[in-house]
Amino acid sequence: MREFKIAQPRSAEELAALLAETKEMTALMAGGTDLIDELKSGVAAPDLVVDLQTVAGLAGIGRDKEGLRIGAMTKVVELAGDAAVLQDYPSLKEAALSLATPQLRNVGTVGGNLCQRPRCWYYRDPQVVCRKKGGFNCYAFQGRNKYHGIFGGGSCFIVHPSDLAPALISLGAKVTVGSAKGDKVIPLEQFYILPDIDVLRENVLEKGQFLKSVWVPAPKPGQKAAYVKLKERGTWDFALVSAAVAGVVKDGIFAEIAVVMGGVAPVPWRLKKAEDVLRGKPANEAAVRLAADEALKDASPLRENGYKADLVFAALKEAVLTLAA
Ligand SMILES: Cc1cc2nc3c(=O)[nH]c(=O)nc-3n(C[C@H](O)[C@H](O)[C@H](O)COP(=O)(O)OP(=O)(O)OC[C@H]3O[C@@H](n4cnc5c(N)ncnc54)[C@H](O)[C@@H]3O)c2cc1C
């Protein structure tokens, strides 16, 4: 493992000042469950690792009548067991409990989960210099691509790995980005960027910036939400395809609906076309079939991952019909 220095700022202000001043190649470390793997394999080789565990005020969940604020350093296990989450945010609870293993949920944080790097085997192989690491080729495009994206690829076919992100986006979450210039609040949906904007990173964070907290609005009257994760194995696994759905069904008709898929694109993938089809329709399987067919017109499966189109329908059906139940 390459040597690096470690910094342990004590407050968000100290962290912001350090990130603004340092000229060294820097990596932020939350729980370290993803970053340390990258350091060991050499896929990440920073000069300076900034430990977020010493930063006061970044962890914890607070609730008021407007919604729920989740500090970036809140552990996934705390999110999954929070009383407000258990009572009012069933899809978030489901996503948190579906994620990794109990050991990883005990250590991994909400911010680390949202900012984790992709699992593409070409990206994770230290011998391979793919586009995501500054090379010229996406080896998945013509290589082994069973687990890769069917939407939004283009220059790189990674899939977004986080279970929390689709659930949070479907609930209308916003994130606070901290830096020495002050805090900035943006919708979580706009936090992620496609490879065609910048193939080297997966989100809008620039040098000097860090994720501070996530805010989830209070559920609307009558709102229901569901998260469905389809995996290859019965034990811990990343999603082949996941569907997060939130909305309001009135008299059996979808009045409002948000649909966000995981495991299908480089970013959590909003199925706006499916939402448009479902809105105003009865909550039944025929409507979901129409919605999935419309959304899948934008899909471009690779040689080995055409099966994901069927999983999009299956995940969407289970999630959407939960709302109608
Ligand atoms: C075996 C295994 C199975 C897994 N299965 C799943 C799964 O099914 N679903 C799923 O969603 N995840 C899964 N994961 C990923 C796991 O959830 C993440 O490793 C974890 O959530 C990352 O949290 P962390 O706090 O340890 O982050 P770290 O490893 O510390 O950081 C991860 C990345 O985020 C960046 N980062 C961390 N915090 C911040 C911040 N506040 N601001 C800016 N950047 C930040 C780091 O620089 C790093 O690049 C799995 C991981 C493993 C090892």
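Remember, it's 1-based here, ligands and their atoms both numbered in the order they're listed. Positions are given from 1 along the sequence.
At most 12 non-hydrogen atoms from other residues, nucleotides or ligands lie less than 6.0 angstrom from NZ of Lys40. Other residues, nucleotides and ligands contribute only 12 or fewer heavy atoms inside 6.0 Å of the NZ atom of Lys5. More than 12 heavy atoms of other residues, nucleotides or ligands shown are found within 6.0 angstrom of CZ on Arg303.
The distance from ligand 1 to the heavy atoms of Asn113 drops below 4.0 Å at these ligand atoms: 10 (C), 11 (O), 12 (N), 17 (O), 21 (O), 22 (C), 23 (O). Applying the 4.0 Å criterion to heavy atoms of Leu52 picks out, from ligand 1, the atoms 38 (N), 39 (C), 40 (C), 41 (N). Close approach of ligand 1 to Ser162 (heavy-atom distance below 4.0 Å) involves ligand atoms 11 (O). In the vicinity of Leu205, heavy-atom distances shorter than 4.0 Å reach the ligand 1 atoms 43 (C). Near Asp237, meaning under 4.0 Å from any of its heavy atoms, are these atoms of ligand 1: 8 (O). Taking every heavy atom of Leu28 and a limit of under 4.0 angstrom, the matching atoms of ligand 1 come to 42 (N), 43 (C), 44 (N), 46 (C), 47 (O). Residue Ala100 approaches ligand 1 through these ligand atoms, each under 4.0 Å from one of its heavy atoms: 3 (C), 4 (C), 5 (N), 6 (C), 7 (C), 8 (O), 50 (C). Within the listing of ligand 1, atoms 40 (C), 41 (N), 42 (N), 43 (C) sit less than 4.0 angstrom from a heavy atom of Leu211.
The nearest heavy-atom contact from the protein to atom 9 (N) of ligand 1 is Asp163 OD2, 2.7 Å. The nearest heavy-atom contact from the protein to atom 38 (N) of ligand 1 is Ala30 CB, 3.5 Å. Considering only non-hydrogen protein atoms, atom 19 (O) of ligand 1 sits nearest to Thr33 OG1, 2.7 Å. Protein heavy atom in closest approach to atom 15 (C) of ligand 1: Gln116 OE1, 3.2 Å. For atom 6 (C) of ligand 1, the nearest non-hydrogen atom of the protein is Phe238 CE2, 3.3 Å.
Residue Val76 places no heavy atom under 4.0 Å from ligand 1. Heavy atoms of Ala27 stay at 4.0 angstrom or farther from ligand 1. Put simply, no part of Glu38 is less than 4.0 Å from ligand 1, judged by heavy atoms.
Within the 3.5 Å criterion, the main-chain N or O of Glu14 finds no donor-acceptor partner in the side chain of Arg10.
Taking hydrophobic clusters as Ile, Leu, Val, Met, Phe, Trp and Tyr residues chained together by side-chain heavy-atom distances below 4.5 Å, Phe151 shares a cluster with Ile169. Hydrophobic clustering (ILVMFWY, side-chain heavy atoms < 4.5 Å, transitive): Val277 and Leu323 are in distinct clusters. Under the 4.5 Å side-chain heavy-atom criterion for Ile, Leu, Val, Met, Phe, Trp and Tyr, Leu48 and Leu19 are members of the same hydrophobic cluster. In the hydrophobic clustering of ILVMFWY residues, with side-chain heavy atoms under 4.5 Å counting as a link, Ile158 and Val260 come out apart.
Salt bridge absent: Glu94 and Lys229 never bring a charged side-chain N and a carboxylate O closer than 4.0 Å. Salt bridge annotation for Arg2-Asp47: present, with a cationic side-chain nitrogen under 4.0 angstrom from a carboxylate oxygen. No salt bridge links Arg289 with Glu285; every basic N to acidic carboxylate O contact stays at or beyond 4.0 Å. The existence of a salt bridge linking Asp82 and Arg63 is excluded, since no basic side-chain nitrogen approaches an acidic carboxylate oxygen closer than 4.0 Å.
Side-chain contact, Glu38 with Tyr123: a donor N or O sits under 3.5 Å from an acceptor N or O.
The N/O atoms of Leu35, backbone and side chain alike, include one that comes under 3.5 Å of an N/O atom in ligand 1. In terms of N/O distances under 3.5 Å, ligand 1 is approached by Thr109. Checked by distance only, ligand 1 and Trp236 stay at 3.5 Å or farther apart across all their nitrogen or oxygen atoms. Considering backbone and side-chain atoms together, Gly32 places an N or O closer than 3.5 Å to an N or O of ligand 1.
Comparing heavy-atom distances from atom 45 (C) of ligand 1 across Ser98, Ala165, Cys115 singles out Cys115 as nearest. For atom 53 (C) of ligand 1, the candidate residues are Val175, Leu164, Asp34, Leu104; the nearest heavy-atom contact is made by Leu104. Nearest residue to atom 23 (O) of ligand 1 from Gly112, Ala72, Ala96, Ala95 is Gly112 (criterion: closest heavy atom).
At a heavy-atom cutoff of 4.0 Å, ligand 1 is contacted by the side chain of Lys229 but not by its backbone. Counting heavy atoms under 4.0 Å from ligand 1, residue Ala239 does not touch it at all.
With Glu318 as reference, Val228 is the one residue of Val245, Val228, Val288 to meet the side chain to side chain contact (heavy atoms under 4.5 Å, CB included) rule. Across Tyr147, Phe157, Phe238, a single residue satisfies ring-ring contact (aromatic ring centres under 6.0 Å, His included) together with Trp121, and that is Tyr147.
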